[in-house]
Amino acid sequence: SALLLLTVKKMAMPHVMRDRGSLFVRSARRRLSTTTDLRQTTDLRRPELLYPRARLWRRKVIFHGGPTNSGKTYRALEALKSAASGIYAGPLRLLAVEVFERLNLDGVYCSLFTGQERREVPFASHASCTIEMTPTKRAFEVAVVDEIQMLGSPDRGHAWTRALLGVDAREVHVCGSLDAADLVRQLCERTQDDFELFEYDRFTPLKVETRPVETWKQLQKGDCVVTFSKRDIHAVRAAISKETGRRCGVVYGALPPETRSHQAKLFNDDASKCDVLVASDAIGMGLNLNIRRVVFHSTRKYARNAVVSSNATSEKKDAVSEEEEEVQEDDQEEVDQEEDAAAAAFPEEEDDDASLVVVEKEEEEAETLKEATTTLTAFEKFVAPVEPALIKQIAGRAGRRSTLFDEGGMVAATTPDDLTYVRDVMANATVPLVPRAGVFPLPEMLAAFAKDNGLEDEPLTEVVAAFGKVCAVDESLFFFCGHEELSLVSGKLYEVLAPTVERFPVDDALIFCSA
């Protein structure tokens with residue numbers, strides 16, 4: 001009877017109970033919405049869940065690990081070529097172009113996607129792209145992610161993490177040094193993907209010379225001088241040409257793709273007059289060059305992240321920021337000049353010396369930059385030794401199999417101290433493991449965060465800075481990264497767009513800067 005009475009009361013006042021219930025639910029939702037939305041839009045503790053397509057099946061992740069010139073990338077690319085569909089993701093535009101050309105020459109229709117260009121081949125089943133352009137909403141049979149150890153990079157690590165966790169492929173081949181194998185294995189455990197490891201040994205010997213290269217006259221055909229400063233690249237090239245009369249090629253990241261590719265071809269051509277190369281650390285990322293000996297001009301480089309994250313004084317930070325801005329402006333001006341020169345220097349009939357016109361137009365500027373190499377500026381004070389893993393990776397480009405110097409390679413430096421550092425690094429078989437993978441929010445997450453917190457009209461740098469302060473990250477495996485590099489790029493973007501665009505959506509700005 002009590003149950004019947006309760007039922008009658010409910011039937012007598014249904015609208016009252018529904019109104020009270022809905023009022024309670026709406027009130028609770030209002031109280032919890034802000035907290036819940038904030039947690040959802042800033043939660044990076046399980047980044048693998050951001051890619052539901054890749055979680056639909058149990059993928060097979062195959063790790064090809066070993067030193068340079070060990071055949072690991074070749075094995076992965078062979079699997080890519082034999083697949084019905086596939087994607088290659090690499091660290092450099094030049095590498096993406098190289099794979100794009102190789103696959104098409106082998107009869108595999110392949111498109112190209114980089115931040116600078118798109119070449120869509122009709123009926124293409126494969127694609128080659130830079131790591132930041134890796135698609136996560138298109139299915140492939142096989143994917144190749146090159147230089148996987150870069151997922152620990154404080155600037156670009158998040159791009160490798162995104163590619164590894166998000167690429168929608170039944171079989172994922174990752175290539176790189178073995179110091180990242182344990183981390184990739186742990187990530188596969190989280191995603192419940194199968195993990196398989198293949199280890200490779202170097203094909204040809206690699207020796208460190210006993211004496212430094214003290215003058216540029218000691219350079220020989222097939223030598224590659226490596227420097228970690230854009231300013232040094234032009235100054236060193238000018239000094240070599242002046243002291244020895246040799247014509248030097250240059251390879252570094254800011255060169256237009258066509259110029260960079262042609263410079264590499266000139267250096268690889270045995271009949272070319274360009275028999276010495278001056279390059280940045282970009283050559284360590286898998287470029288196939290006929291290098292006999294790697295000569296380190298220096299073993300120290302600017303460590304921006306170490307400075308920004310330390311307790312450096314505001315005066316030091318300002319000095320670094322001003323100098324870095326100056327270098328960026330110089331770089332942009334040089335790139336603009338190089339692109340104009342490249343357009344004029346590449347007629348339909350290809351000239352062996354055409355690409356050299358681009359860098360020779362900088363002769364006067366190189367003379368000015370020589371002074372910068374001898375004067376220690378505030379920017380240059382914040383330098384640190386190059387990581388041992390990068391030293392080994394760059395040194396390994398010498399004496400590669402299937403080149404003119406496949407009997408073995410040599411490694412040297414221009415000062416006794418640098419040579420000692422190189423020798424110690426090469427003698428040490430152990431390399432510190434990559435402990436954690438970088439993460440960064442998806443454009444949709446950042447846009448939702450900006451909307452929920454009234455930051456839609458704020459610059460991208462302000463939105464990212466606010467996100468970084470409240471985001472949740474599983475610090476046992478991941479770290480928040482990419483925001484400092486993004487601040488530099490987006491700052492320039494807003495300077496250019498400010499006079500013409502009233503508002504630039506956060507997600508669009510992020511995609512533009514990441515490309």
Side-chain angles (χ1 to χ4, degrees), residues 29-51 132 150-162 165-166 187 190 303-322 324-325 382 434-495 497-498 503-514:
R29 283 178 177 173
R30 279 196 298 269
R31 290 196 301 269
L32 294 175
S33 62
T34 302
T35 303
T36 303
D37 290 345
L38 183 61
R39 287 177 178 174
Q40 290 178 347
T41 57
T42 61
D43 192 352
L44 293 176
R45 291 172 295 179
R46 297 292 303 274
E48 68 274 13
L49 300 182
L50 300 176
Y51 310 101
E132 285 82 3
M150 290 289 290
L151 87 172
S153 166
D155 289 327
R156 301 176 65 198
H158 60 91
W160 273 264
T161 305
R162 172 181 172 273
L165 299 179
L187 295 178
R190 288 176 65 107
R304 173 174 55 81
N305 289 283
V307 174
V308 174
S309 61
S310 69
N311 294 324
T313 63
S314 59
E315 180 181 354
K316 290 180 179 179
K317 291 181 181 179
D318 291 342
V320 173
S321 177
E322 290 174 4
E324 191 168 53
E325 183 176 351
F382 301 105
V434 179
R436 297 183 296 168
V439 290
F440 193 81
L442 298 177
E444 299 87 346
M445 290 180 66
L446 210 56
F449 173 78
K451 181 179 180 181
D452 293 342
N453 292 274
L455 300 174
E456 292 178 284
D457 295 327
E458 296 297 324
L460 179 60
T461 52
E462 299 296 329
V463 177
V464 172
F467 184 96
K469 292 179 180 179
V470 298
C471 69
V473 177
D474 180 359
E475 295 185 352
S476 65
L477 278 180
F478 304 102
F479 67 98
F480 186 67
C481 76
H483 49 293
E484 294 171 1
E485 186 75 12
L486 183 68
S487 296
L488 298 175
V489 177
S490 62
K492 295 296 182 182
L493 174 64
Y494 280 95
E495 285 181 14
L497 295 179
R503 180 176 174 273
F504 198 28
V506 171
D507 48 349
D508 289 346
L510 179 58
I511 294 173
F512 192 96
C513 293
S514 299

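Everything numeric in this text was worked out from a predicted model, so none of it was measured.
The two atoms that bring D43 and R46 nearest to each other are OD1-N, 4.5 Å, heavy atoms only. Nearest heavy atoms, E132 versus R156: OE2-NE, 2.9 Å. Pairing each heavy atom of T161 with each of A437, the nearest pair is OG1-CB, 3.3 Å. In terms of heavy-atom proximity, V463 sits nearest to A450 at CG1-CB, 4.0 Å. In terms of heavy atoms, A466 sits closest to L455 at CB-CD1, 4.0 Å.
Atom CG in D155 sits 11.0 Å away from atom CG in L486 (nearest 0.5 Å). Distance check, rounded to the nearest 0.5 Å: CZ of R162 to CD of E48 gives 15.5 Å. Atoms CD and CG, from E458 and N453 in turn, are 11.5 Å apart once rounded to the nearest 0.5 Å.
Using a 4.5 Å heavy-atom cutoff, the side chains of L50 and L165 are not in contact.
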Which pairs of donor and acceptor atoms, one on a side chain in residues 473-483, lie under 3.5 Å apart (sequence neighbours left out)?
from: D474; atom 1: OD1; to: S476; atom 2: N; distance (Å): 3.2
from: D474; atom 1: OD1; to: S476; atom 2: OG; distance (Å): 2.6
from: D474; atom 1: OD2; to: R190; atom 2: NH1; distance (Å): 3.0
from: D474; atom 1: OD2; to: S476; atom 2: OG; distance (Å): 3.4

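Partners of A447 according to the side chain to side chain contact (heavy atoms under 4.5 Å, CB included) rule, which considers only residues two or more places apart in sequence or in another chain, are D507.
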